[in-house]
Protein chains: 2
Amino acid sequence: MKKKSTPSATRLFFARNLKATRERLGLSQEALAEIAELHRTYVGSVERGERNISIDNIECLAKALGVSPASLLEESA
Amino acid sequence: MKKKSTPSATRLFFARNLKATRERLGLSQEALAEIAELHRTYVGSVERGERNISIDNIECLAKALGVSPASLLEESA
DNA sequence: GTGTGACTTCTAGTCCGTA
DNA sequence: ATACGGACTAGAAGTCACA
């Protein structure tokens, strides 16, 4: 766990959408991390809403999941 | 100028949408920066697609403009 | 009112381990 | 396969002087 302070709403939406989309595709965090070229533990941390992820990595993850970056930020995914 | 390397597509969409939305509201970069509680030059730099902005600041700017964070990432805004 | 380079501070992001 | 901690490095955050 790295971040606690102010888990912004958007960050939490992203976390939930990321996890939901990943599981829908039957991917593990490890597998997703490898596709997105990010680290295993980092992806897990993002899914827990602990990280203030940057736009480039949002795009990386969105691409890895085959969805649009915008869709991962929506409240009602 | 800060960033050259790989201006990701999403970053550029965000940059364009941010600028377009701001101008539609008749705000200057300075004014938007003040509302979003960010620095003038930082906002300008983001609008030029030079910064790999994080999700928290995306939310800040989206709120300042009265739009959803997701809408600022869409290609056809 | 905006563009830009340089700069410092702080955290995003990596990698090791352990559970 | 996932969570979490510690320690580290890369890079985002944030500011300024000047154009």
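Everything quoted here is computed from the prediction, not taken from an experiment. Here is the naming used below: chain letters follow the sequence lines, and residue numbers restart at 1 for every chain. All values below come from the heavy atoms of this structure, side chains included, with hydrogens, waters and symmetry mates left out.
Looking only at distances, a side-chain donor or acceptor of A/R22 sits under 3.5 Å from a matching main-chain atom of A/L27. For the pair A/T21 (side chain) and A/N17 (backbone), a donor-acceptor distance under 3.5 Å is present.
Between B/S54 and D/dA13 there is a side-chain N or O to OP1 or OP2 distance below 4.0 Å. Between B/R48 and C/dG3 there is a side-chain polar atom (N or O) within less than 4.0 angstrom of OP1 or OP2. For A/N57 and D/dG11, the shortest distance from a side-chain N or O to OP1 or OP2 is not below 4.0 Å. In this model, the phosphate group of C/dT11 is not approached by any side-chain N or O of A/N52 to a distance below 4.0 Å at OP1 or OP2. Distances shorter than 4.0 Å separate some side-chain N or O of B/Y42 from OP1 or OP2 on D/dA13.
For B/R51 against D/dG11, no side-chain N or O and base N or O form a donor-acceptor pair under 3.5 Å. Contact annotation: side chain of B/R40 to base of D/dG14, donor-acceptor pair absent below 3.5 Å.
Scanning both residues, A/Q29 and A/V43, for their nearest heavy atoms gives O-CG1, 4.3 Å. Scanning both residues, A/S8 and B/E59, for their nearest heavy atoms gives CB-OE1, 2.7 Å.
With rounding to whole Å, B/E59 atom CD is found 14 Å from D/dA13 atom P. Atom-to-atom, CD1 of B/I58 to P of D/dA12 comes out at 12 Å; the value is rounded to the nearest Å. For the pair A/R22 CZ and D/dA1 P, the interatomic distance rounds to 11 Å; values are reported in whole Å. Between A/E50 atom CD and D/dC4 atom C1' the separation is 8 Å, expressed in whole Å. The nearest whole Å value for the distance from the NE2 atom in B/H39 to the P atom in C/dT9 is 16 Å. For A/F14 and C/dA12, the CZ to C1' distance is 14 Å, given to the nearest whole Å. Computed from coordinates, the A/K19 NZ to D/dT2 C1' distance equals 8 Å when rounded to whole Å. The CD atom of A/E23 sits 14 Å away from the P atom of D/dA1 (whole-angstrom rounding).
Here A/R16 does not pair with A/E47 in a salt bridge; the nearest charged N to carboxylate O distance is not below 4.0 Å.
One hydrophobic cluster, built from ILVMFWY side chains closer than 4.5 Å, cannot hold both A/L61 and A/F13; they sit in different ones. Both B/L73 and A/L65 are assigned to one and the same hydrophobic cluster, defined by single-linkage of ILVMFWY side chains at heavy-atom distances under 4.5 Å.
When each of B/T41 and B/I53 is assigned the nucleotide of DNA chain D with its nearest heavy atom, B/I53 is the one assigned upstream, toward the 5' end.
Within residues 29-37 of chain A, the residues having any heavy atom closer than 4.0 Å to DNA chain D are, in order of number, A/Q29, A/E30.
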